[in-house]
K.L.:
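Below you'll find the structure I mean.
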Amino acid sequence: MAKIALITGINGQDGKYLSELLIKKGYIVHGIRRGSPQADIKNEKEIYVHYSDLTDYAELFKIIQEVKPDEIYNLAAQSNVKVSFEKPEYTTLTNALVPLKILEIIQTLGLERKTRFFQASTGELFGNSQEVPQRESTPFYPKSPYAVSKLYAHWICVNYREAYNIFACNGILFNHESPIRPENFVTRKITKATVRIKKGLQDKLYLGNLNAKRDWGFAGDYVKAMWLMLQQDKPDDYIIATGEAHSVRELVEFAFREVNIEIKWEGKGLNEVGKDASNGRTLVEIDPAFYRPVEANLLVGDPSKARDILGWKPSISFEELVRMMTKNDMNLV
Ligand code: F7E
């Protein structure tokens, strides 16, 4: 019999990649999203879409009671770190309490033996951590309301696993991107801007902290790890990352190179600019509006445990990822 999966955040980047993967594997896929039934999403015909706000407990209860999924993937979140400083309470309600509600519903409905639960945890939990690269054993030190909300989600998942024997797993996901990444994340903001600048549709790209280093992988690889975690004999938590760190500055250089522009940096701090090396035109400037009140400087994960136990490894390098995204934006613009 086909397995049944329920995905929250079905219309987000990861929801789209994961639903495609599960449909290929023969799953019956249900998804939850906000909005109204008139809105359209890719794959809609193959997915049973439930339109619901996840903060509505009664509705969430009814959906899980009706679907009785074999696997639940909690991918819905207020996932933007910068926005979490402006909307800390909303971020907490969505990111921390929704996984708690799902775990409570699994238990209340007596689905502990049937339903396996995946929680999209995050490399942001490590925030200010001094250990590089970060492992499953590295102490957490969250640096944003987003990361603090995800810390609660992470631990409630561990707690319900230990207390009630629920098959619950945290995927500690480092940054993962794709051509469908929204523009309020730095990768897509940069790839789209380089293409628009190249085509004369935009003058400059304004960015915040160029020195932050992140571990950027391909979302299509990361959803495979989510699925693998739920197929094991035992539930556990795994870091999903590439193991390679790059700065935002390098990301800018790589993306411009894809459109044959070499960037030369001049100045310091807020006055630093990125110029087209061939003609001296300023293409990148700093706008302090994109700075965060505090942030993690260097996040890079060690995916050895996922490699050894899940047999998972990333298939796409940083350079290939930037190329894939820039090429896609070239076709779109
Ligand atoms: O920022 C810097 C910014 O917003 C990356 C989410 O998926 O991954 C993501 O969180 C870096 C940061 O992602 C701009 O300060 C500079 O250092 O693309 P981002 P994020 O905050 O790392 C983690 C693992 C998650 O769990 C999250 O849900 O880029 N940066 N200038 C900028 N960032 C943005 N967005 N815009 C800028 O102009």
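Hydrogens, waters and symmetry mates play no part in the numbers below; they use all other heavy atoms, side chains included. When a ligand or atom number is given, it counts from 1 through the structure's own listing order.
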K.L.:
Pairs of nitrogen or oxygen atoms closer than 3.5 Å, one from Leu207 and one from ligand 1: do any exist?
P.N.:
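So ligand 1 has no N or O lying under 3.5 Å from an N or O of Leu207.
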K.L.:
Cation-pi check, Lys82 to Tyr146: give yes when NZ or CZ is under 6.0 Å from the six-membered ring centre and within 45° of the ring axis, no otherwise.
P.N.:
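No - Lys82 does not lie over the ring of Tyr146 by the 6.0 Å and 45° rule.
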K.L.:
Any idea which part of Arg214 is under 4.0 Å from ligand 1, heavy-atom wise: side chain, backbone, both or neither?
P.N.:
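The answer is the side chain of Arg214.
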K.L.:
Does ligand 1 come near enough to Val186 that some N or O of the ligand is less than 3.5 Å from an N or O of the residue?
P.N.:
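Between Val186 and ligand 1 (N or O atoms, distance only) the closest approach is under 3.5 Å.
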K.L.:
Below 4.0 Å, non-hydrogen atoms only: which portion of Asp287 touches ligand 1? Side chain, backbone, both or neither.
P.N.:
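Asp287 to ligand 1: no contact under 4.0 Å from either part.
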K.L.:
What I want to know is whether Tyr146 and ligand 1 share at least one N or O pair that is separated by under 3.5 angstrom.
P.N.:
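Yes, at least one N or O pair falls under 3.5 Å.
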K.L.:
Examine the proximity of ligand 1 to Val248 and report which part, side chain or backbone, both or neither, has a heavy atom under 4.0 Å away.
P.N.:
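Just the side chain.
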K.L.:
Going by side chain to side chain donor-acceptor pair (under 3.5 Å), name the pairs with one or both residues in residues 99-110, residues two or more places apart or in two chains.
P.N.:
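For residues 99-110: Glu104-Tyr160.
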K.L.:
Out of Ser79, Ala147, Ser121, Ala289, who is nearest to atom 6 (C) of ligand 1 when you count heavy atoms only?
P.N.:
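Heavy atom nearest to atom 6 (C) of ligand 1 belongs to Ser79.
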K.L.:
Against the six-membered ring of Trp265, is Lys275 placed for a cation-pi contact (under 6.0 Å from the centre, within 45° of the normal)?
P.N.:
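Judged by the rule, Lys275 and Trp265 form no cation-pi pair.
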K.L.:
Which atom pair, heavy atoms only, marks the closest approach of Gly15 to Ile7?
P.N.:
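Shortest heavy-atom separation between Gly15 and Ile7 comes out as CA-CG2, 4.3 Å.
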K.L.:
Using a 4.0 Å heavy-atom cut-off, which part of Phe185 comes near ligand 1: side chain, backbone, both, or neither?
P.N.:
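Both parts.
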K.L.:
Counting only heavy atoms, which portion of Arg292 has something under 4.0 Å from ligand 1: side chain, backbone, both, or neither?
P.N.:
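The part of Arg292 near ligand 1 is the side chain, not the backbone.
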K.L.:
Verify whether the ring centers belonging to Phe254 and Phe318 lie closer than 6.0 Å.
P.N.:
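Yes, the ring centres sit under 6.0 Å apart.
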K.L.:
Which is it for Asn184 and ligand 1 at heavy atoms under 4.0 Å: side chain, backbone, both or neither?
P.N.:
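Backbone only.
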K.L.:
Has ligand 1 got any nitrogen or oxygen that is less than 3.5 angstrom from a nitrogen or oxygen of Arg181?
P.N.:
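Checking ligand 1 against Arg181, an N or O pair does fall under 3.5 Å apart.
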K.L.:
Any nitrogen or oxygen of Glu295, side chain or backbone, less than 3.5 Å from one on ligand 1?
P.N.:
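Right, the criterion is met.
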K.L.:
Can you check which of Leu210, Thr122, Asn95 brings a heavy atom nearest to atom 24 (C) of ligand 1?
P.N.:
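Result: the heavy atom closest to atom 24 (C) of ligand 1 is in Thr122.
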